[in-house]
Structure formats: C-alpha cells, structure tokens
Amino acid sequence: MNSTELYKYQSIYLEILNEFFLDVIGKEASLFGSFDEVHQEILRSLSNLKSGMNAFADLKFRLTPLYAESGLDAYRFAKELNACKLVLGGSSKFYGTQLNATKRALLFSDTVLIPDPILPYLEKDRSDERFFYIGIIQAAFYILQMKELNDEKFDVLPFFVFPSWEKSLEEKDLETQEKMIQLTTDVFTHYVDSGIQSFKDIYEFSVSHEQVFFDQIRKNQLFIAPGRKPGEGIQTSMNFYKSEMLKMRSKEWCGEHLKKLIIF
C-alpha cells in the first residue's frame, strides 16, 4: 500500500462514517460543537434513532468488505511506516480525551496512528454494554472531527485510522495473550511486590498479603474508577467503579461480575 492507496482507504472509511452519522442523526458531525449536543439531538429524535437502526447494519455491511480487501495492507503500512509516528494507545475507544491527545501529538509528529474505534464493535459481541450503539455514534463523531485533515496534499497523512484487530488478537492470538499477561505481571512486580513473578502470583499475593496489596495499589494509583481522578482511596474508587458499571453494563454482566466485587 502506497501513500495514494492509503489516502483512498481512509477517504472511503471516513465517507462511510460520515454517511452513517447522517443516517442516524440527520446532520453533519461538523455542525455540532460537542457530543453533548449530539446527545441532546438524539434525545429529541429518539423515534428517528429507532427507525434508523438499519444504519448500524449498513455500517457493518460497508466496512466489512473494506477491512477484508484492504485492512491487512493498512495494518502493515501503519506498522512499517518510516516516519516520526505516534501510536495512540491506552484504549480501544476514541472520544474527546483521545481527540485532544491526537491534536497535541500532531504538533510534534509526522503522523498519529489511531486504532480504528469502530472495528472492535464489529469484531466481538458487545451485548454486555448497555449503550454500545451510542458508543459507535460517539466514536464516529470524534473521528469525523479530523476529516478535514485527510488531504492528499500532505506527504504523510497527519493521522491514519488503522484496523488493529485487537479484540480478535486478544481472543485468538497466543502471542498477544502471553504478552498481555506478562505486561500485567510486570506492572504488579514493579509497583506491588518484586516477588510476584506470574499472573497466578498476583492473586495469591492479594489473598495472603491483602492489606499490603491494597496499600500499594492506593500508593501507586493503580486503580482509578472511570471518570475519576488519581489519588482516591480504594474504597471510594471501588464504589464509584461499581456505580459506573451498574449504569453502563448489562444486567447479565453485572450479575455475573459485580457479585465477585469486594464490598466495603
């Protein structure tokens, strides 16, 4: 894949998202100053959203062949690109925080590589999320905020949304699974106790040295509840986490996972 093919791939991708957003919301993403405004539009037009559910099926129908035909080449191009590139990491989502981080990164890099935030919704069943349809709209909205930067006049595109296949790799690729386990183990070895040498050791240490475990988690700010700031106590963080999951996850997911949560 050369730069011309890259531009073509991303142009098609962005146009698919643009048409999806128009189908669902009825207006261009550029007409909204924030996603709060989009959300208000959704609330005003709930009947339109329900009647526009076909737009989600159409989105999958149009993106699937694009990924099949050019996704692997796009992934390889992103991996092998010889330039000052930054890869946006830390989340499979692309919302306001990630958009702001991308804008800052553009100031000191040739290009910012963004893992496709729509693909994870197509790779894996997301029925455990109560509002996954809204998540797709939100991801499309924020990606489309950069649409004007997708211009072939640049020697290197300022940003490139590439399919990372992370959900598929997490579930099926042994090397990815092993590296995820090793990364998690290394974090606990460094921040909690140097005697932790395996994933199993993390659990065993948390049981045999419970207070030390929680003290180190708090001291090193390893657990931060969604939407909260670092520095809160374990009890506060866990309670906020539970409250957030009850809002955002399905009843089935909460019934299975929150019953295992420590109640303070």
Side-chain angles (χ1 to χ4, degrees), residues 34-36 38-40 42-43 46 49 56 88-101 115 117-139 141-142 166-167 169-171 176-177 180-193 196 198-264:
S34 68
F35 191 75
D36 286 339
V38 178
H39 188 238
Q40 291 304 313
I42 292 172
L43 294 177
L46 279 177
L49 181 60
F56 293 94
L88 189 68
S91 173
S92 62
K93 295 179 171 59
F94 190 87
Y95 295 162
T97 300
Q98 289 79 16
L99 175 62
N100 290 332
I118 304 296
L119 178 58
Y121 289 99
L122 309 183
E123 285 184 279
K124 181 182 177 182
D125 175 39
R126 305 289 283 261
S127 58
D128 59 337
E129 299 180 25
R130 291 183 63 191
F131 307 108
F132 67 92
Y133 287 119
I134 297 297
I136 295 174
I137 298 172
Q138 194 170 0
F141 170 75
Y142 282 111
E166 61 181 85
K167 298 303 178 184
L169 291 171
E170 287 173 3
E171 289 193 343
T176 299
Q177 294 168 353
M180 289 172 61
I181 290 173
Q182 189 59 55
L183 175 60
T184 303
T185 302
D186 289 345
V187 169
F188 279 87
T189 300
H190 181 78
Y191 288 105
V192 176
D193 187 88
I196 294 175
S198 68
F199 199 71
K200 181 181 178 182
D201 289 346
I202 299 173
Y203 172 75
E204 292 180 348
F205 186 89
S206 72
V207 173
S208 60
H209 300 81
E210 182 178 290
Q211 192 56 52
V212 175
F213 182 81
F214 283 127
D215 286 345
Q216 291 299 100
I217 294 292
R218 177 190 55 77
K219 174 185 174 182
N220 294 296
Q221 301 178 356
L222 297 184
F223 182 76
I224 304 170
R228 306 298 297 179
K229 295 181 179 180
E232 293 181 327
I234 294 294
Q235 176 179 341
T236 301
S237 296
M238 292 292 279
N239 289 338
F240 273 115
Y241 173 81
K242 181 178 181 181
S243 176
E244 184 70 10
M245 293 303 101
L246 287 170
K247 288 190 296 183
M248 302 303 294
R249 295 288 187 171
S250 67
K251 291 181 179 179
E252 293 75 18
W253 187 94
C254 291
E256 179 182 354
H257 293 87
L258 292 187
K259 65 182 179 181
K260 305 173 185 177
L261 198 63
I262 297 172
I263 304 299
F264 292 92

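Because the structure is a prediction, the values reported are computed rather than measured. Only heavy atoms go into these numbers, but all of them, side chains included; no hydrogens, no water, no symmetry mates.
- Taking both residues in full, the closest heavy atoms of K167 and P120 are given as CG-CB, 3.8 Å, listed atom of the first, atom of the second, then distance.
- With sequence neighbours excluded, the residues that form a side chain to side chain contact (heavy atoms under 4.5 Å, CB included) with S127 are D125.
- Contacts of D128 classified as salt bridge (charged side-chain N to carboxylate O under 4.0 Å, His left out), with partners at least two apart in sequence or in another chain: R249.
- Residues that satisfy the side chain to side chain contact (heavy atoms under 4.5 Å, CB included) test with Q40, not counting sequence neighbours, are L43, R44.
- Residues satisfying the side chain to side chain contact (heavy atoms under 4.5 Å, CB included) criterion with F240, sequence neighbours excluded, are A225, R228, E232, T236.
- Looking at residues two or more places apart in sequence or on another chain, you find a ring-ring contact (aromatic ring centres under 6.0 Å, His included) between F35 and F141.
- Qualifying ring-ring contact (aromatic ring centres under 6.0 Å, His included) partners for Y121, counting only residues two or more places apart in sequence or in other chains: none.
- For R218, there are no side chain to side chain donor-acceptor pair (under 3.5 Å) partners at least two apart in sequence or on another chain.
- A 6.0 Å sphere centred on CZ of F199 holds no more than 12 heavy atoms belonging to other residues, nucleotides or ligands.
- K124 is linked by a salt bridge (charged side-chain N to carboxylate O under 4.0 Å, His left out) to E171, counting only residues two or more places apart in sequence or in another chain.
- With values rounded to the nearest 0.5 angstrom, F213 atom CZ is found 11.0 Å from D215 atom CG.
- Here H190 pairs with nothing under the ring-ring contact (aromatic ring centres under 6.0 Å, His included) rule; sequence neighbours left out.
- Legend: residues meeting ring-ring contact (aromatic ring centres under 6.0 Å, His included) with Y95, ordered by chain and number and at least two apart, are absent.
- Residues passing the side chain to side chain contact (heavy atoms under 4.5 Å, CB included) test with T97: none are found, sequence neighbours excluded.
- The side chain to side chain donor-acceptor pair (under 3.5 Å) check on E204 picks up nothing, with sequence neighbours excluded.
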